[in-house]
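Each chain gets a letter, A, B and so on, in the order its sequence line appears, and its residues count up from 1.
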Amino acid sequence: MSEMDMEEGGTVKKFMFLNRKAPYGTVYALEGLEVVLISAAFDQDVSLAFLDDGVFQLTKGQNTKGVEMKNFSPTYRALEGYDIEKLYVERESMESRGLSEDDLLVDVQVKSAAELGALMNEQDVVISF
Amino acid sequence: MSEMDMEEGGTVKKFMFLNRKAPYGTVYALEGLEVVLISAAFDQDVSLAFLDDGVFQLTKGQNTKGVEMKNFSPTYRALEGYDIEKLYVERESMESRGLSEDDLLVDVQVKSAAELGALMNEQDVVISF
Amino acid sequence: MKFSIMVNEGPYTHQASDSAYQFAKAALAKGHEIYRVFFYHDGVNNATRLTVPPQDDRNVVNRWSELAQQQKLDMVVCIAAAQRRGLLDENEASRQGKDANNIVPGFRISGLGQLVEAGIQADRLVVFGD
Amino acid sequence: MKFSIMVNEGPYTHQASDSAYQFAKAALAKGHEIYRVFFYHDGVNNATRLTVPPQDDRNVVNRWSELAQQQKLDMVVCIAAAQRRGLLDENEASRQGKDANNIVPGFRISGLGQLVEAGIQADRLVVFGD
Amino acid sequence: MLHIVNKSPFERTSLASCLRVAAKGGALLLIEDGVYAVVKNSAVEKDLRGAMAGMPVYALQADVEARGLANRVMDGVKLVGYDGFVDLVAEHSNVQSWL
Amino acid sequence: MLHIVNKSPFERTSLASCLRVAAKGGALLLIEDGVYAVVKNSAVEKDLRGAMAGMPVYALQADVEARGLANRVMDGVKLVGYDGFVDLVAEHSNVQSWL
């Protein structure tokens, strides 16, 4: 609550959405993204972090034709249009999965585990998917 | 199918129920046990194996009063009455969880990973919970 | 203090709904306020009035429904998650041309914005899931 | 060859139901027989006719329902698992004193013995779950 | 920050991720299948000991008892009831559930 | 025996359990989130290489493509369609899904 602030007559809180699950195998990544999009309408201080298998949500070249599911990866590119611009990826999660920043479909800030932990500490609300 | 046999006019297959999940956190252990009990009515060659967190299903002293869920661990003791007597526990799963045979509420045969793998190979049907 | 609670898994399959219920009861017993309980993902399945659990087990749905009515809790089922999974109130059923509805009293269906608002208005948001 | 298929998770939440459906279609296309599809655990939630998925996504329930009717598949929902989770046909609803039912055509409700029998009668039982 | 872990450390990497990322000054609460981390002489005892050097570790008593672990809890783990769970959430300025 | 693994090896221990227990002469099929095991240069590459020494390893192409891994597959992994999945089940006398 220390980070809570009053701006333009409303409460502004720091919200972090922490994505830890791979897409398609379960619905959490997709339904998590739906929460992120809605949150944009509330003028909060929103950030997204990708940790563990959550970094797989951002891989380039997803093609869901064969599994007949909706490919929602282009939506991450649209987040900028919702003024959601703080995207963090934890370095160790990315590297241990054989990925580099070039493999990701959006620009992100790569953070160490300790840096991400410090960012989490600053939040008012953390919702993990 | 090589193990299939005709006895008393019916098909007898080797069924193995492989328990890999801890109880209470999810329903798989409980609903898995319900399948085992039903299988007894079909006069098949049934065995149960406990692997990974499945070995936690057999710990003595479970008390579910605080979580207000049904304690189904006594049912494992009743399996003998259903003529289900082949209970296997994988050694490494048990030992890495700090458990020994004395901690388990039923008599089991402790098997190495390789021995369990060989037993699985002999089955006609394996259902894993 | 003001709590919001998020429940992400359905009854029986995961313990999440049980833990959330016990947490809610304990918070109320300590004099805290519960601003909202929000049901998302498979959590929407906690709101069906059609369950018939075994006699010797707890009734997860009825427990929530009774707590909501006794304590005037605001319990919200996410509409998008509910539509994916087949949870409907009378209103939604008629809007979608469905011939039945299955929501139990004590829950209401609304949008995801109610979750974000629950995070803004409460002092703490506690998430229960898989 | 004769296959039986077991589906242990509900629609959308896990890919299990999708994979099972694609497997079933591929098996039929190759001329194999499907002896039975058995829905257990949260898999029973595949049988509700009340889902309204987003327009731009697949309709998991209708796909199963149509496949069953086209191919005369025997698709069985476990009664005990269904009761815990609020899945009922007209018969069960009236027996349990419930005022609504939610099963889609193509599925039937029966006991767990149907799973064991599916394992006995088929050449292979393939399990899809979480 | 209060970190809540509800997954078995023998089956999932949630606890390991939590311990890798969690900043100093927080606390760890184990609930549901997460309580299996408290078992004495297990393969994860060392990890939990390491965690305890940096922050207090709590486990939900009802979950410990349900799983038959009441006599198997490592020294240093503090058992709490659901009321203690509520207190922990109230005492920390924010909370993360490592689902 | 055909062993089917549908869980990410980075999140769960299913693949490790399968590889520990599986008897020689079987085959491994990766589906759903299990296909993440095939990614080149990852922390589990060595485990999967070890597995390939003992049995053939297949991955479901539709799942590999959905996850954007088509250009990241380790050498030696054989991609199959749903029809190939059916064939693998038919060719082995029994099957185990490591859920």
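When all heavy atoms of F:Ala90 and D:Arg124 are compared, the closest pair comes out as O-NH2, 3.0 Å. Closest non-hydrogen pair, F:Glu32 versus D:Ala16, comes out as OE2-CA, 3.5 Å. Closest approach of D:Gly129 and F:Leu99 over heavy atoms only: N-CD2, 3.5 Å.
Between the side chains of D:Gln15 and F:Asp33, no donor-acceptor pair is found at a separation under 3.5 Å.
Of the listed residues (F:Ile31, F:Val89, F:Asp63, F:Val95), the one with the most heavy-atom contacts under 4.5 Å to chain D is F:Val89. Most heavy-atom pairs under 4.5 Å with chain D, from the set F:Asp87, F:Asn94, F:Ile4: that is F:Asp87.
Near-neighbour residues of residues 7-24 of chain F relative to chain D, defined by a heavy atom under 4.5 Å from a heavy atom of that chain, comprise F:Lys7, F:Arg12. Within residues 41-61 of chain F, no residue has any heavy atom under 4.5 Å from a heavy atom of chain D.
Environment of CD in D:Gln121: crowded, with over 12 heavy atoms of neighbouring residues, nucleotides or ligands closer than 6.0 Å.
Taking the salt bridge (Lys or Arg N to Asp or Glu O under 4.0 Å) definition, one finds that D:Arg49 meets it with C:Asp99, sequence neighbours left out.
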For residues 72-83 of chain F, dump all side-chain donor-acceptor pairs below 3.5 Å to protein atoms at least two apart in sequence or in another chain.
unit_1	atom_1	unit_2	atom_2	d
F:Arg72	NH1	F:Gly68	O	2.3
F:Arg72	NH2	A:Asp103	OD1	3.1

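Using a 4.5 Å cut-off between heavy atoms, D:Asp18 does not touch chain F at all. Only the side chain of D:His32 has a heavy atom closer than 4.5 Å to any heavy atom of chain F.
A donor-acceptor pair under 3.5 Å is absent between the side-chain atoms of F:Ser97 and the main chain of D:Phe128, judged by distance alone.
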